[in-house]
Visitor: 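Here you go, one structure.
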Amino acid sequence: MKNTKYILSSLIILLTGVIYFSVQAQQKNEVHRANFSGEWKSNQSIGMGGNIVCSYVEGDRMNSETMKIAEQADFLVIETPNPLPSSTKSTSPEKLAFDGKEGQINHGQGNEKKFTLKLSADGQTITIKSIVYFMAATPYHVNVMKKAFTNVTEVWTLSNDDNSITIQSIAKSNIWDRERSWKTVFNKVN
């Protein structure tokens with residue numbers, strides 16, 4: 001009788017443990033994702049001096065010193081002011097999907113950009129990989145154009161206080177002899 005109580009008690013404890021761990025394993029671990037939404041302004045000039053330009057199109061996000069980001073459940077939309085007075089649009093939007101699906105912008109005349117976005121496992125950084133195609137003059141034959149490209153990887157990190165985004169960029173092109181890297185910091189305007 002004493003053995004039966006001991007065995008029954010042990011089975012109840014074991015069964016309780018199995019049920020508890022099964023329920024815990026089925027619960028989703030929700031990651032708190034950083035929210036990049038807002039209006040942002042670079043704390044320094046974008047150009048060949050400090051931040052190396054990787055797009056040769058005026059209205060592209062990579063050339064802009066300001067941006068407005070609207071984050072949705074499955075994607076981000078980054079809008080930058082379009083500096084061309086002849087343009088019918090006042091902003092140049094870029095939609096980047098969190099699922100890694102490739103997006104593309106065709107600026108015409110051989111200028112286009114393909115890009116993907118990946119969210120980190122902890123939800124605190126995003127990585128944007130882009131390939132920018134453009135027409136470039138060939139050495140010693142400036143009137144002869146050829147299609148060139150630049151691969152760009154940007155790692156965006158939102159500060160702990162949500163007031164700045166640091167973008168660490170690395171670029172490699174078929175017209176440069178080495179890899180280039182730089183950092184850009186955008187401060188939240190509102």
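By convention here, the first residue in the shown sequence is residue 1. Note that these values count all heavy atoms, side chains included, but never hydrogens, waters or copies made by symmetry.
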Visitor: Quick one, K146 and V144 - any side-chain contact, counting heavy atoms below 4.5 Å?
Guide: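 The answer is no, as the side chains (C-beta and beyond) never meet within the 4.5 Å cut-off.
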Visitor: Quick check: closest heavy atoms across T116 and G100, and the distance to 0.1 Å?
Guide: CG2-O, 3.5 Å
Visitor: As a quick check of understanding, evaluate side chain to side chain contact (heavy atoms under 4.5 Å, CB included) for T153 and T127, giving each step before the final call.
Guide: CA-CA 7 Å; T153 301; T127 301; 3.9 Å; yes
Visitor: Please round to the nearest 0.5 Å and tell me the distance separating atom CD of E79 and atom CD of E39.
Guide: 9.5 Å
Visitor: Out of curiosity, N163 CG to N187 CG, how far, rounded to the nearest 0.5 Å?
Guide: 8.0 Å
Visitor: If you measure only the distance, is there a donor-acceptor pair under 3.5 Å linking the side chains of S120 and T125?
Guide: yes
Visitor: Within a reach of under 6.0 Å around CD of E179, are more than 12 heavy atoms found that belong to other residues, nucleotides or ligands?
Guide: yes
Visitor: Rounded at 0.5 Å granularity, tell me how far OG in S164 sits from CG in N43.
Guide: 8.5 Å
Visitor: Would you give the length of the straight line joining atom CD of Q72 to atom NZ of K95, rounded to the nearest 0.5 angstrom?
Guide: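 Rounded to the nearest 0.5 Å, the CD-NZ separation comes out at 8.5 Å.
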Visitor: Around atom NZ of K188, are there more than 12 heavy atoms of other residues, nucleotides or ligands at under 6.0 Å?
Guide: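 Correct, the count exceeds 12.
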Visitor: Report yes if some heavy atom in the side chain of E154 is under 4.5 Å from a heavy atom in the side chain of M62; otherwise report no.
Guide: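 E154 vs M62: side chains touch.
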Visitor: Do I167 and L76 share a hydrophobic cluster, counting only Ile, Leu, Val, Met, Phe, Trp and Tyr and linking them when any side-chain heavy atoms are less than 4.5 Å apart?
Guide: yes
Visitor: Looking only at heavy atoms, what is the nearest atom pair of F75 and F98, with distance?
Guide: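 Heavy atoms only, the tightest pair is N-CD1, 3.4 Å.
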Visitor: For E94, is there an ion pair with K113 - N to carboxylate O distance below 4.0 angstrom?
Guide: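 Yes, K113 and E94 are salt-bridged.
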Visitor: Under a 4.5 Å cut-off applied to non-hydrogen side-chain atoms, are T150 and I175 in contact?
Guide: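 Counting from C-beta outward, T150 and I175 never come under 4.5 Å.
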Visitor: Just so I know, are the side chains of S37 and K68 near enough to count as touching, which here means a heavy-atom distance under 4.5 Å?
Guide: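 Of all side-chain heavy-atom pairs linking K68 with S37, none is under 4.5 Å.
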Visitor: Taking the side chain as everything from C-beta on, heavy atoms only, tell me whether W40 gets closer than 4.5 Å to I165.
Guide: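 W40 vs I165: side chains touch.
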Visitor: Closest approach of F115 and L96, non-hydrogen atoms and distance?
Guide: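 Heavy-atom minimum between the residues: CD1-CD2, 3.6 Å.
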Visitor: Where is the tightest heavy-atom contact between L119 and L117, given as atom of each residue plus distance?
Guide: N-CD2, 4.2 Å
Visitor: Take atom CG in D161; do more than 12 heavy atoms of anything else shown fall under 6.0 Å from it?
Guide: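 Above 12, so yes.
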Visitor: Is there side-chain contact between S169 and S181, with at least one heavy-atom pair below 4.5 Å?
Guide: no
Visitor: Compare all side-chain heavy atoms of K183 with those of T166 and state whether any distance is below 4.5 angstrom.
Guide: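 Contact flag for K183/T166 side chains = yes.
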Visitor: If only atom types and distance count, is the side chain of S42 paired as donor or acceptor with the main-chain N or O of Q44 below 3.5 Å?
Guide: yes
Visitor: Please check if atom CG in D99 has more than 12 non-hydrogen atoms from other residues, nucleotides or ligands closer than 6.0 Å.
Guide: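 Atom CG in D99 is packed in, count exceeds 12.
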Visitor: For the pair Q168 (side chain) and W182 (backbone), establish whether a donor and an acceptor sit closer than 3.5 Å, ignoring hydrogens and angles.
Guide: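 Yes, Q168 side chain to W182 backbone: donor-acceptor pair under 3.5 Å.
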Visitor: Please find the pair of heavy atoms, one from T66 and one from K41, that lie closest to each other, and give the distance.
Guide: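 Nearest pair, atom of T66 first, then K41: CG2-CG, 4.0 Å.
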Visitor: Looking only at non-hydrogen atoms, find the nearest pair between I69 and W156 and report the distance.
Guide: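 It is CD1-CZ3, 3.6 Å.
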Visitor: Under 3.5 Å, side chain of S173 to main-chain N/O of F149, donor-acceptor pair present?
Guide: yes
Visitor: Any salt bridge between E112 and K147, counting N to O under 4.0 Å?
Guide: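 Yes, this pair counts.
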